[in-house]
Novice: 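Pasting in a structure now, in structure tokens, and then I'll have a few things to ask.
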Amino acid sequence: MPPPATIGRLAVWHLPAHPCGMDWIEFALAMLAFLASHRIPALAGLRGRVVARIGAWGYMVLFSAVSLLLLWWLVAAAGRAPFVPLWDQQPWHRWAVNLAMPLAILLAALGTGAANPFAFEGRAQGFDPARPGIAGITRQPLLWALALWSGAHLLVNGDLAHVLLFGPFLAMALAGMPLVERRRRRAMGPAEWARLTVHTALVPVTLSRRWPSPPWARLGLAVLVWAAVLHLHGPVIGVLPLP
């Protein structure tokens with residue numbers, strides 16, 4: 001197996017490998033578990049019962065913890081899967097990841113739980129169309145964060161297992177944006193949609209100065225998360241992220 005500096009695999013070297021067929025089975029099981037964790041709570045009515053017991057904030061913390069653990073398993077399983085090269089990693093690929101990830105983390109920090117009635121991770125309460133906050137940069141910050149994360153990691157990991165890992169995330173993020181936009185527009189109606197989106201954007205190409213208040217706390221959180229990801233990526237994932 002080539003070293004990570006050559007192929008850029010997100011491999012967890014210290015975990016034992018299984019026979020070739022079992023590696024693919026583990027990867028498939030991890031993918032199914034991750035997808036099921038995002039579908040079953042809503043379909044089975046589990047989310048409502050858990051929220052009633054521990055509250056919305058408690059559910060979000062629990063759901064996030066479970067999602068992160070399953071995502072770690074999925075990434076680890078992809079690292080253990082048989083290596084089938086599709087393209088070689090180039091020196092600039094790692095620079096691209098290190099430029100994309102701070103932006104992805106910043107969008108996620110600014111978007112999660114923000115006053116943003118256009119995104120599934122936002123909330124309608126407190127939204128001011130004259131000062132749209134993160135929606136002035138993009139109405140879909142979390143999906144853009146997912147697209148940046150998955151697209152950058154897809155670029156740097158040119159083997160079959162990681163294409164199967166990051167490719168669906170990238171496709172889901174890009175396809176989800178127009179889908180969520182259509183649903184929100186249909187729910188609001190054309191006139192209300194036009195009124196609320198006058199100072200917003202979908203593609204984050206410009207900075208917005210229209211904030212209800214400076215998001216210093218969220219900016220600080222983004223810096224802390226980025227620093228934690230940078231320092232824990234090697235011990236947890238098995239690959240040092242810096243070029």
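Heavy atoms only: backbone and side chains are in, while hydrogens, waters and symmetry mates are out.
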Novice: Let me check something: do M101 and W92 share a hydrophobic cluster, defined by ILVMFWY side-chain heavy atoms less than 4.5 Å apart, either directly or through other members?
Specialist: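 Unlinked, M101 and W92 end up in two clusters.
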
Novice: Determine whether the aromatic ring centres of residues W73 and F34 are separated by less than 6.0 angstrom.
Specialist: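 Between F34 and W73, the centre distance exceeds or equals 6.0 Å.
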
Novice: Look up atom CD1 in I105 and atom CG in L224, then write down how far apart they are to the nearest 0.5 Å.
Specialist: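 CG of L224 is found 11.0 Å from CD1 of I105.
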
Novice: If Ile, Leu, Val, Met, Phe, Trp and Tyr residues are connected whenever their side-chain heavy atoms lie under 4.5 Å apart, and connections chain through other members, are V239 and L99 in the same group?
Specialist: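 Hydrophobic grouping puts V239 apart from L99.
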
Novice: Flag yes if L148 and L242 sit in one hydrophobic cluster, no otherwise; membership is Ile, Leu, Val, Met, Phe, Trp, Tyr, and two members link when side-chain heavy atoms are under 4.5 Å apart.
Specialist: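 Looking at the clustering, L242 is in the same group as L148.
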
Novice: How many angstroms lie between CD in E26 and CG in L29, if you round to the nearest 0.5 Å?
Specialist: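 One finds 8.0 Å between CD of E26 and CG of L29.
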
Novice: Look only at the side chain of H233 and the backbone of G238, and say whether a donor-acceptor pair between them is shorter than 3.5 Å.
Specialist: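 Pair absent, no side-chain N/O of H233 close to backbone of G238.
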
Novice: Counting only heavy atoms not in R183 (residues, nucleotides, ligands), do more than 12 fall under 6.0 Å from its CZ?
Specialist: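 12 or below, so no.
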
Novice: For a 4.5 angstrom cut-off between non-hydrogen side-chain atoms, does M188 reach R195?
Specialist: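 Not in contact.
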
Novice: Closest approach of A161 and A81, non-hydrogen atoms and distance?
Specialist: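 So the minimum-distance heavy-atom pair works out to CB-CB, 3.7 Å.
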
Novice: Counting C-beta onward and ignoring hydrogens, is there a side-chain heavy-atom pair between L143 and L174 closer than 4.5 Å?
Specialist: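 With C-beta onward as the side chain, the pair stays apart.
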
Novice: As a quick check of understanding, evaluate ring-ring contact (aromatic ring centres under 6.0 Å, His included) for F63 and H38, giving each step before the final call.
Specialist: CA-CA 9 Å; F63 179 78; H38 285 71; 5.0 Å; yes

Novice: What distance do D159 atom CG and Q89 atom CD have between them, rounded to the nearest 0.5 Å?
Specialist: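 Reported to 0.5 Å precision, the distance equals 10.5 Å.
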
Novice: Donor-acceptor pair, distance only, cut-off 3.5 Å: does the side chain of N116 make one with the backbone of G111?
Specialist: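 No: the side chain of N116 does not pair with the backbone of G111.
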
Novice: Heavy-atom count check: over 12 atoms from other residues, nucleotides or ligands less than 6.0 Å from H199 NE2?
Specialist: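 Yes, enclosed.
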
Novice: With a 4.5 Å cut-off on side-chain heavy atoms, are I137 and W211 touching?
Specialist: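 They are in contact (side-chain heavy atoms under 4.5 Å apart), so the answer is yes.
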
Novice: Are any non-hydrogen side-chain atoms of L74 and F169 less than 4.5 angstrom apart?
Specialist: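 With C-beta onward as the side chain, the pair touches.
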
Novice: Please check: side-chain N/O of R185 versus main-chain N/O of P190, any donor-acceptor pairing under 3.5 Å?
Specialist: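 Checked: no pair found.
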
Novice: When rounded to the nearest 0.5 angstrom, what is the spacing between CD1 in I134 and CG in L106?
Specialist: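 Nearest 0.5 Å value for the CD1-CG distance: 7.0 Å.
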
Novice: Under 3.5 Å, side chain of T112 to main-chain N/O of A109, donor-acceptor pair present?
Specialist: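 Here the side-chain-to-backbone pair does not exist.
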
Novice: Does some side-chain heavy atom of L202 sit less than 4.5 Å from a side-chain heavy atom of F118?
Specialist: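 Counting from C-beta outward, F118 and L202 never come under 4.5 Å.
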
Novice: Under a 3.5 Å distance rule, please check whether R80 uses its side chain to pair with a backbone N or O of D23 as donor and acceptor.
Specialist: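 Side chain of R80 to backbone of D23: no pair is present.
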
Novice: Give a yes or no on this: more than 12 heavy atoms of other residues, nucleotides or ligands lie within 6.0 Å of atom CG of L86.
Specialist: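 Yes, because the 6.0 Å sphere around CG of L86 holds more than 12 heavy atoms from other groups.
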
Novice: Hey, could you give me the OG1/CD distance between T200 and Q140, rounded to the nearest 0.5 Å?
Specialist: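 CD of Q140 is found 10.0 Å from OG1 of T200.
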
Novice: Can you tell if the side chain of Y59 reaches within under 4.5 Å of the side chain of R53, non-hydrogen atoms only?
Specialist: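 When only atoms from C-beta onward are counted, R53 and Y59 do not touch, as no gap falls below 4.5 Å.
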
Novice: To the nearest 0.5 Å, what is the distance between NE2 (H153) and NE2 (H93)?
Specialist: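 Nearest 0.5 Å value for the NE2-NE2 distance: 13.5 Å.
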
Novice: Is it the case that the side chain of E181 and the backbone of R139 share a donor-acceptor pair, with hydrogens and angles ignored and the cut-off at 3.5 Å?
Specialist: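 Side chain of E181 to backbone of R139: no pair is present.
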
Novice: Got W226 and L103 here, is their nearest side-chain heavy-atom distance under 4.5 Å?
Specialist: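 Result no, sub-4.5 Å side-chain heavy-atom pair not found.
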
Novice: Does the side chain of L219 come within less than 4.5 Å of V223's, by heavy atoms?
Specialist: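 No - every pair of side-chain heavy atoms lies 4.5 Å or more apart.
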
